[in-house]
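Every chain is numbered from 1, with letters handed out A, B, ... down the list of sequences. Scope of the values below: all heavy atoms of this structure, side chains included, with no hydrogens, waters or symmetry mates.
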2 protein chains.
Amino acid sequence: MGIFSKTCEYAIRAVFFIAHRTAKGGRVGIKEIASGINSPEHFLAKILQDLSRKNIIRSIKGPNGGFYMDDATLKRRLSEVVEAVDGNSLFTGCGLGLVYCSEINPCPLHNEFKGIRARIYEMLQNTTIEAFNEDLNLGITSLKK
Amino acid sequence: MGIFSKTCEYAIRAVFFIAHRTAKGGRVGIKEIASGINSPEHFLAKILQDLSRKNIIRSIKGPNGGFYMDDATLKRRLSEVVEAVDGNSLFTGCGLGLVYCSEINPCPLHNEFKGIRARIYEMLQNTTIEAFNEDLNLGITSLKK
DNA sequence: TAATTAAAAGATGTTTTTGTCTTTTAATTT
DNA sequence: AAATTAAAAGACAAAAACATCTTTTAATTA
């Protein structure tokens, strides 16, 4: 198990892929996205439907339809994608799963985790989707295999 | 979903509980541990069996038996507990779940995650189980509810 | 050495996550 | 308007995670 759920991993990879692929206009279909990020097509379709409903990405049906991103969605932060899929427990939850863990009633790892959680949030919060396009363009980073 | 699996959360809480409860000798039974950390008894039993096999904790059967920790197990690092239960993917895996992600073929979040992973590992690596006893003794931290 | 205690082990059940397949709806194109 | 395209939606299936219950084994105590 990683930091994100499998669903969330697919979501992030797909959003990066769509942003990169449609930066200069156009749409991209689910088949191309799924093969482009190495994910199960129909499962990813569900995820993207959800992200579309939540305005993280855009979609349009019919010929020449597909998924894409406009100025507004390109400006979204990675934290919004993660939160849309996995909720905010990564940013707010107790490391040991204790519901009543808090500043007043901390678990043994409370303070240690505070820093880590903050760092994760900061990283996801400080970068917009489009910020990753350039490296993908240059082939510096990769989304597959 | 948190950073650790539910199994791992129970494991860490139980190990802290056992360490704290048997620091001055003696054993503690599964029932007391389960209720002490608010976890399902039989499920926890499986987890502790596994930890015992892996020498993270000690156990002994029969009257006056139970789980306990000796000098060697008290010196174990939190990272060893986590690795025993969840494996090392938290410390080594790609944030986006890409098998071939590496320094040479990095995913878009590779460098961002490197720092976070290192920080998590460092924290889990730098603390022994017994290090958490004092705060528990003083009632500063809590393992329940 | 028989009874008792408590963990180990085995079998089984439930829920959540992940994945697949089919049908429907909304666009576009001819 | 009919045909075509592609996402949306719904139903279903497999795998993994989480949980429970029962039986067995290894100690201790009387």
Looking at C:dA9, I'd like to know if its phosphate oxygens (OP1 or OP2) sit under 4.0 Å from a side-chain N or O belonging to B:Arg53.
yes
Phosphate contact (D:dA7 OP1 or OP2) by A:Ser52 side-chain N/O below 4.0 Å:
no
Taking only residues at least two apart or on different chains, which pairs with a member in residues 64-91 of chain B satisfy ring-ring contact (aromatic ring centres under 6.0 Å, His included)?
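Every pair satisfying ring-ring contact (aromatic ring centres under 6.0 Å, His included) with a residue in residues 64-91 of chain B: B:Phe91-B:Tyr121.
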Once ring-ring contact (aromatic ring centres under 6.0 Å, His included) is applied, what residue pairs with a partner in residues 125-145 of chain A remain, sequence neighbours excluded?
A:Phe16-A:Phe132
Value in whole Å for how far the C1' atom of D:dT20 lies from CD1 of B:Ile30:
13 Å
Give the rounded distance in Å between these two atoms: CD1 of B:Ile33 and C1' of C:dA6.
11 Å
Set of salt bridge (Lys or Arg N to Asp or Glu O under 4.0 Å) partners for [X], sequence neighbours left out:
X: B:Arg117; result: none
X: B:Glu80; result: B:Arg76
X: A:Lys144; result: none
X: B:Lys114; result: B:Glu103

Donor-acceptor pairs under 3.5 Å, side chain of residues 41-51 of chain A to any protein atom, not counting sequence neighbours: which ones?
from	atom 1	to	atom 2	distance (Å)
A:Asp50	OD1	A:Arg53	NH1	3.3
A:Asp50	OD2	A:Lys54	NZ	3.3

Extract from the structure each pairing of a protein N or O with an N or O of nucleotides 28-30 of chain D at less than 3.5 Å, listing the distance.
none

Would you jot down, in residue-number order, the residues of residues 35-51 of chain B having a non-hydrogen atom under 4.0 Å from DNA chain C?
B:Lys46, B:Gln49
Expected output is a numbered-order residue list: members of residues 2-16 of chain B with a heavy atom under 4.0 Å from any atom of DNA chain D. What is it?
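When residues 2-16 of chain B is checked for heavy atoms under 4.0 Å from DNA chain D, the hits, listed by number, are B:Ser5, B:Lys6, B:Thr7, B:Tyr10.
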Within a radius of less than 6.0 Å around CG of A:Asn88, do more than 12 heavy atoms belonging to other residues, nucleotides or ligands occur?
yes
Which other residues end up in the same hydrophobic cluster as B:Ile140, if Ile, Leu, Val, Met, Phe, Trp and Tyr are linked when side-chain heavy atoms come under 4.5 Å apart?
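Listed partners: B:Leu138.
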Would you please name every residue forming a side chain to side chain contact (heavy atoms under 4.5 Å, CB included) with A:Lys6, sequence neighbours left out?
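With sequence neighbours excluded, A:Lys6 shows a side chain to side chain contact (heavy atoms under 4.5 Å, CB included) to A:Glu9, A:Tyr10, given in chain and number order.
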